[in-house]
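Worksheet: one structure, shown below.
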Amino acid sequence: QVQLVESGGGLVQAGGSLRLSCAASGRTFSSYVMGWFRQAPGKEREFVAVISRSGARTKYADSVKGRFTVSRDNAKNTVYLQMNSLKPEDTAVYYCAADARGALVLGTTGGEYDNWGQGTQVTVSS
């Protein structure tokens, strides 16, 4: 089981930017599809972004497309989520997750991921 630790969350004004990081343990990071999800208080967890094992393919939720960018550095065992033009509705706990299946399709439901980080809080004020 891979250990995932998110960091970089905080309080930011609307229109601002944050970069989240997710550090993974072990030597098999490059074998995992890595996803980002978020959960606001009282709401269900929702998909944000996902990146393929090599970083060649990405997929985004419509709500963040054009504003967020997911990337990874396999040499550093780290995946990033650059968040620009933040809106109050982006306020949530953000989680990274690892998909070890080796499937061709990038998972967006959450069920494809069996390793999750502890989450980092992002709060966007108006």
Side-chain angles (χ1 to χ4, degrees):
Q1 179 176 132
V2 63
Q3 303 273 6
L4 304 174
V5 180
E6 301 96 332
S7 63
L11 175 64
V12 64
Q13 294 186 39
S17 298
L18 285 173
R19 189 179 77 158
L20 306 183
S21 298
C22 176
S25 65
R27 294 184 173 182
T28 58
F29 178 73
S30 63
S31 70
Y32 299 116
V33 169
M34 297 297 298
W36 285 97
F37 294 78
R38 66 188 183 186
Q39 187 167 26
K43 297 186 177 180
E44 294 184 357
R45 184 181 61 201
E46 66 174 340
F47 165 75
V48 177
V50 60
I51 187 167
S52 63
R53 290 173 290 177
S54 69
R57 294 185 294 132
T58 59
K59 188 181 298 182
Y60 298 92
D62 289 342
S63 59
V64 307
K65 194 172 299 181
R67 299 187 298 120
F68 291 11
T69 303
V70 62
S71 62
R72 67 192 297 162
D73 187 339
N74 287 344
K76 296 182 177 180
N77 278 18
T78 303
V79 62
Y80 305 95
L81 185 68
Q82 178 66 47
M83 306 185 295
N84 298 326
S85 301
L86 283 162
K87 305 174 180 179
E89 49 263 47
D90 295 319
T91 295
V93 176
Y94 284 71
Y95 300 90
C96 68
D99 175 5
R101 299 174 303 155
L104 295 176
V105 178
L106 301 179
T108 59
T109 71
E112 308 90 346
Y113 302 84
D114 41 33
N115 291 282
W116 295 80
Q118 84 291 340
T120 185
Q121 176 71 48
V122 172
T123 303
V124 184
S125 63
S126 60

Who are the side chain to side chain donor-acceptor pair (under 3.5 Å) partners of [X], not counting sequence neighbours?
| X | value |
| --- | --- |
| Thr123 | Gln121 |
| Lys65 | Asp62 |
| Arg57 | none |

For [range], which residue pairs qualify under side chain to side chain donor-acceptor pair (under 3.5 Å), counting only residues two or more places apart or in two chains?
| range | result |
| --- | --- |
| residues 19-30 | Thr28-Tyr32 |
| residues 4-18 | Glu6-Gln118, Ser17-Asn84 |
| residues 102-111 | Thr109-Glu112 |

Apply side-chain contact (heavy atoms from CB on, under 4.5 Å) to Thr58 and list each qualifying residue two or more places apart in sequence or on a separate chain.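 Partners of Thr58 under the side-chain contact (heavy atoms from CB on, under 4.5 Å) test: Ile51, Tyr60, Val70.
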Can you tell me how far apart [atom1] ([X]) and [atom2] ([Y]) are? Round to the nearest 0.5 Å.
| X | Y | atom1 | atom2 | value |
| --- | --- | --- | --- | --- |
| Lys59 | Ser52 | NZ | OG | 11.0 Å |
| Asn77 | Gln3 | CG | CD | 13.0 Å |
| Asn74 | Ser54 | CG | OG | 8.0 Å |
| Glu89 | Ser126 | CD | OG | 10.0 Å |

Write out all pairs satisfying disulfide (SG to SG under 2.5 Å) with one or both partners inside residues 43-80, taking only residues at least two apart or from two chains.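 Those involving residues 43-80 do not exist here.
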Disulfide (SG to SG under 2.5 Å) partners of residues 67-126, not counting sequence neighbours, each pair once: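 Output for this query lists Cys22-Cys96.
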Check whether [X] and [Y] end up in the same hydrophobic cluster, where Ile, Leu, Val, Met, Phe, Trp and Tyr are linked by side-chain heavy atoms less than 4.5 Å apart.
| X | Y | value |
| --- | --- | --- |
| Leu20 | Leu86 | yes |
| Leu106 | Val79 | no |
| Val124 | Trp36 | yes |

Checking Val2 against Phe29 for the side chain to side chain contact (heavy atoms under 4.5 Å, CB included) test, could you report, in this order, the C-alpha distance in whole Å, the side-chain angles of both residues, the deciding distance, and whether it holds? CA-CA 8 Å; Val2 63; Phe29 178 73; 5.9 Å; no
Enumerate the residue pairs fulfilling ring-ring contact (aromatic ring centres under 6.0 Å, His included) with a member in residues 75-115, sequence neighbours excluded, ordered by first and then second residue.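 ring-ring contact (aromatic ring centres under 6.0 Å, His included) check on residues 75-115 returns Phe37-Tyr113.
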Salt bridge (Lys or Arg N to Asp or Glu O under 4.0 Å) partners of residues 94-103, not counting sequence neighbours, each pair once: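 Every salt bridge (Lys or Arg N to Asp or Glu O under 4.0 Å) pair that includes a residue of residues 94-103, provided the two are not neighbours, is Asp99-Arg101.
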Going by heavy atoms in the side chains, are Met83 and Val12 under 4.5 Å from each other?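 Sidechains of Val12 and Met83: no contact.
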Please tabulate, one pair per line, all N/O donor-acceptor pairs under 3.5 Å involving side-chain atoms of residues 40-50, not counting sequence neighbours.
from  : atom 1 : to    : atom 2 : distance (Å)
Glu46 : OE2    : Arg38 : NE     : 2.7
Glu46 : OE2    : Arg38 : NH2    : 3.2

